[in-house]
Amino acid sequence: MTDLSVKIGSLVLKNPVMVASGTFGYAEEFKDFFDLNQIGGIITKTVTLEPRPGNAPPRIAETASGMLNSIGLPNVGVEHFIIEKMPFLQPLSTKIIVNVAGKTGEDFVEAVVRLEDVDRIDAYELNYSCPNVKEGGLTFSANAAIAEQVTRNVRKVTNRPLIAKLTPNVTSISEIGKAVENGGADAVSAINTLVGMAVDLGKKRPKLSTITGGLSGPAIKPVALAKVFELVQNLSIPVIAIGGIMNATDALEFLLTGAVAIQVGTANFINPRAPLDILEGVRDYFDKNRIDGISSFIGSIKT
Amino acid sequence: MTDLSVKIGSLVLKNPVMVASGTFGYAEEFKDFFDLNQIGGIITKTVTLEPRPGNAPPRIAETASGMLNSIGLPNVGVEHFIIEKMPFLQPLSTKIIVNVAGKTGEDFVEAVVRLEDVDRIDAYELNYSCPNVKEGGLTFSANAAIAEQVTRNVRKVTNRPLIAKLTPNVTSISEIGKAVENGGADAVSAINTLVGMAVDLGKKRPKLSTITGGLSGPAIKPVALAKVFELVQNLSIPVIAIGGIMNATDALEFLLTGAVAIQVGTANFINPRAPLDILEGVRDYFDKNRIDGISSFIGSIKT
Amino acid sequence: MSGNKILTEATVKHLEEIAENIFRMHLYEPHIAQTSHAGQFVNIQIAQGTTIFWRRPFSIHSTNPESGIFEILFNAVGRGTQVLKKIKNGAKLNLVGPLGNTFNHAPHLEEIIIVAGGLGIAPFKLLLQDLRKQQLKKTVFFGVSSTANLCCLDEFSRLGAKCRVSTEDGSKGYHGFVTDDLQNYLQELPDSSHRELLVCGPTPMLRKVQEIAQTLQINAQVSVENIMACGFGACMGCPVQLAHPHDDGKRYLLACKDGPVFNMDEILLDD
Amino acid sequence: MSGNKILTEATVKHLEEIAENIFRMHLYEPHIAQTSHAGQFVNIQIAQGTTIFWRRPFSIHSTNPESGIFEILFNAVGRGTQVLKKIKNGAKLNLVGPLGNTFNHAPHLEEIIIVAGGLGIAPFKLLLQDLRKQQLKKTVFFGVSSTANLCCLDEFSRLGAKCRVSTEDGSKGYHGFVTDDLQNYLQELPDSSHRELLVCGPTPMLRKVQEIAQTLQINAQVSVENIMACGFGACMGCPVQLAHPHDDGKRYLLACKDGPVFNMDEILLDD
Ligand SMILES: Cc1cc2nc3c(=O)[nH]c(=O)nc-3n(C[C@H](O)[C@H](O)[C@H](O)COP(=O)(O)OP(=O)(O)OC[C@H]3O[C@@H](n4cnc5c(N)ncnc54)[C@H](O)[C@@H]3O)c2cc1C
Ligand SMILES: Cc1cc2nc3c(=O)[nH]c(=O)nc-3n(C[C@H](O)[C@H](O)[C@H](O)COP(=O)(O)OP(=O)(O)OC[C@H]3O[C@@H](n4cnc5c(N)ncnc54)[C@H](O)[C@@H]3O)c2cc1C
Ligand SMILES: Cc1cc2nc3c(=O)[nH]c(=O)nc-3n(C[C@H](O)[C@H](O)[C@H](O)COP(=O)(O)O)c2cc1C
Ligand SMILES: Cc1cc2nc3c(=O)[nH]c(=O)nc-3n(C[C@H](O)[C@H](O)[C@H](O)COP(=O)(O)O)c2cc1C
Ligand code: FES
Ligand code: FES
């Protein structure tokens, strides 16, 4: 059996299959479906310093081979997260990566500081794609200087691995990627959702209360592959792939393109056992093709 | 029967259904399928100053609810276009819009100058999304200053309506939209394709010879709706919608969102009679809902 | 207690159009049939490889724990249900369930009053099954647009309920909205305590019932039908707004996990 | 002359697995059946509402102008063809055709030599039908991996062709590659003029035939099977590179419109 373990900075995953923030709750919702300890890692739903109620309904819409969401990062806030959600996660033997977001750069730092005392957090994923107020209306990951500065500030308060999650809604994702690399990120993950919109012709209004939302699912896989490829070509730190991964073939395509690990997102809603199915499919592929180490496969695409 | 005519600057279309550049050849390929004079307008395959062979195969790949292409703007060049392609188009009674691209700003100007003498061209669509050499490796529509300057230069050599076709692969499409508006464009059209990639796991290589290509089809409709909405909110000139329009409902959603006209693209490959089917569907909708003028419908979305 | 939710394949055993565009499907899946209670639902993958991306949620209409069969009732309204209505016996349907919470029956009730509009009738056969052994009055107010859309009356009677039908076109029973018939009924009662409304149907109907229940101070439980992506609390896509949050802000529950059954005075209805 | 291309619905009249994973489908569509010639193809929409986005191209295998029926032959290799092989008689298939150019038969030929690998056999039944009245020798070299993949031999014989089979596993005919059998045959001929090769099959086979044809200076026409989005020249997605462009640059023709039949020395083969 092929050794599937991969390294993301100092973080070692037993296999490259993780689940994406906001699509796996705080893992408890999935415990009935498969043994959570099988997969490489769990990224939590985004946590913010203060509790957030989330957006008004409707928050979701089905689209061609995908969906739109404007959930709005509802969460109980970092304090309650630690008390209410971590106890379920702590006994797990898979890696726990807490996804953090903030309205301001200081919010990120403060949330991470608060989480530093907490046991069994293996890394942080910084969600740079949420609406930002203070820094001039741009999202954090649409402005390289801000993304770099925030990363640097968070880097100062933690030794845990830092993954910067990037938005695809920019002219150059690798410019932002390089900025967070300079800021001290150990890895980047990409992509977050694409800005999209759906219209209800009958009601003559947008399908989402927020008018636009984030597009995910198989529809965006080609965009994700292109962004991952661009990042792999331009950065020195590892790239974690997200976007439309529904099955083992999809996962393998991203690994071939150079991602060291992948996150399963929207697929979790369609097939709550998708992460395990994908892991098993990846393992089968390596076994059948007698691939010795996963590292020789990662990035071996012929271009 | 509802009057479906719409105005784009001084250009009057008898109805808002057009066909998108590069998906309708030079129209001749479709003459067996329906009466071309039914639809509002025809945008030609992109014409460049010099002939271009296009990219090496493979140039296309099927994706979830869409496709990737890296055709590479093959065309006979403006001289041969005038001699070989215009004679089929000239006798048509529908509007003829010639899509023009160039490697440099001067290329755009020169191509348009050459086309100025030619009869029966009703407008130009400037394809700002092709790879650019001189202006520093960025595409024309990823840089507001360049897009504005090129538009201004083309504006100087023609009185025909100018439509600037915008790429969605930017942080802010409305910033580019405002720039071309300032440069003198009469309208914008959006969106061109999203940068995407597909991988052939069996062959361990990208599915396109150019590695990445342009994503089109229903998969990108939500992105197109969001970009069209953003442009409608921020510009004073009309917005023409393109992206994943497969049927009349799709077309109506874009009109509701504020587009004055729509272009049918990838749908032409799946259903070569799509433009006519869409037109008939739009007409039926207006008749059934007793909508008097199309202009009261355009942009009437409740937000 | 309801059973754990599972990802499973159910076998289609029977499919019938029991009223105009209303279909009843028998599905063989013992875990669902044996552990589900009224209000819960299953989330069905319509067909792999189609452009129907999400699963589609359907209330569990009834169960037969012995045979391992449960029923759903559906209206062919859109892309998914149009496919579903053509499925052949023996086909396998991938589904997740049982999902959601259940109606709960306060002790010492005198009467439960079911109020259903159209396909809102779906969850209540199982409710009557759940309450079969309980000695209390069971009344069903069932509103449809026309007789052609009526179903389930016989079964409901057999399960000990008294059915009152309203049709909008007057083709049967009360001529008008079910909520008007309900209001008449409630107003004539000497005392509305020890009674509870269990409600499911289109939003305008729910609003009206909410109003009546508030005025008459009757407790009402409602089953909501939000659009859902996952059905089990993972996407947070199905919020239901709390009517009385503990602070000034907006507070949401999740229809799929905290519901689909809510106390009517606890939530704000939207459309 | 071939007829205009049309967008039409054909009716499935018959579907049969004639060899291992090889299916023959009879389709009723008079315009196609009456105006198509060998080399042309139809572009079939597999099923609306599925995730199979593009149409799928298939050679026209044979036609019966009187009955309005034409045949396609296909291998169930992927998503689309897996659906196609389950289609029921009476179903309608939306298709565009006839598309593409045709094989052309130079006058005064002594022998046409068909070289087919696997499903590359598809276009040649119609070719033999087209040539039925022509007095010339018709030889078919048909290479398959094993006997289980053989088909069409009887029809081909009935249409006046002499068939030589090669199997890679030696279970029938020549043991080895069809191109080796072909080479042996051609080398034994006193004179290869007035002969022409008509070729269709996998790229490695085409390459080998190209080599043989060049060495022996025999004219060869090949039918290529590029991936196609539209099938009628609109997308420019199916380029075939010219071997001898008039200048230094790369020049492309379109497989769907300028082909699928090309003179073999005119183009570069890729995979
Ligand atoms: C908990 C729950 C229980 C339900 N129980 C039943 C039931 O027992 N019987 C029944 O017939 N229906 C039930 N529904 C509604 C049912 O899920 C939808 O009718 C179904 O999803 C429509 O799918 P479609 O593909 O045919 O329609 P689509 O083509 O997707 O849409 C057609 C129409 O249905 C609406 N719709 C789509 N999805 C949903 C959804 N998830 N919820 C509500 N409306 C939707 C759309 O807005 C649109 O107006 C229930 C919904 C929920 C949330
Ligand atoms: C002009 C022309 C004539 C053809 N005639 C026949 C025929 O008579 N019989 C027959 O069995 N096949 C024929 N083919 C090939 C046939 O189109 C493909 O086998 C079919 O499209 C596969 O569809 P799928 O959905 O089953 O496979 P997919 O799931 O799409 O892919 C499975 C495999 O088939 C390959 N493939 C996909 N699409 C094409 C395509 N358009 N052309 C070639 N390979 C493809 C893929 O690369 C992949 O390796 C022809 C192709 C062309 C271009
Ligand atoms: C319903 C939903 C909620 C999401 N919430 C979050 C979130 O809280 N934080 C975050 O970083 N990403 C969030 N995402 C983005 C996903 O993590 C992922 O980046 C994106 O969906 C693309 O992957 P996919 O196509 O596999 O879903 C969410 C996505 C969806 C669909
Ligand atoms: C095969 C193909 C070729 C295209 N060629 C051109 C082109 O030459 N010039 C251009 O401006 N846009 C070109 N486009 C982009 C389309 O005009 C359109 O903007 C895009 O495909 C989105 O619309 P759709 O989703 O309806 O296809 C091409 C698109 C496709 C799919
Ligand atoms: S539907 Fe996903 S949380 Fe309710
Ligand atoms: S397949 Fe579209 S041009 Fe050939």
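Atom set for the values below is all heavy atoms of this structure, side chains included, hydrogens, waters and symmetry mates excluded.
- No side-chain donor-acceptor contact under 3.5 Å links B:S209 and B:N55.
- Among the candidates B:F24, B:Y26, B:F30, the residue making the largest number of heavy-atom pairs closer than 4.5 Å to chain D is B:F30.
- Residue contact with chain D, scored on non-hydrogen atoms closer than 4.5 Å, involves the backbone of B:N268 exclusively.
- Proximity to chain B is limited to the backbone of D:I6, based on heavy atoms less than 4.5 angstrom apart.
- Between D:K208 and D:E211 there is a salt bridge, with a side-chain nitrogen of the basic residue lying less than 4.0 Å from a carboxylate oxygen of the acidic one.
- Within the 4.5 angstrom heavy-atom criterion, no atom of B:A27 approaches chain D.
- B:D200 and B:K203 get closest at one heavy-atom pair: OD1-N, 3.1 Å.
- Checked for salt-bridge contact, B:E79 and B:R114 meet the test: a charged N lies under 4.0 Å from a carboxylate O.
- Heavy atoms closer than 4.5 Å to chain B are found in the side chain of D:Q45, but not in its backbone.
- Salt bridge present: B:E62 and D:R56 bring a charged side-chain N and a carboxylate O closer than 4.0 Å.
- Contacts of B:T266 with chain D are made by side-chain atoms alone, with heavy-atom separations under 4.5 Å and no backbone atom involved.
- When D:C230, D:P245, D:P239 are compared by the number of non-hydrogen pairs under 4.5 Å with chain B, D:P239 comes out ahead.
- Per-residue counts of heavy-atom pairs under 4.5 Å with chain D were compared for B:P53, B:G25, B:S70; the largest is that of B:P53.
- Under the 6.0 Å cut-off for aromatic ring centres, B:F108 and B:Y128 qualify, their centroids lying closer than that.
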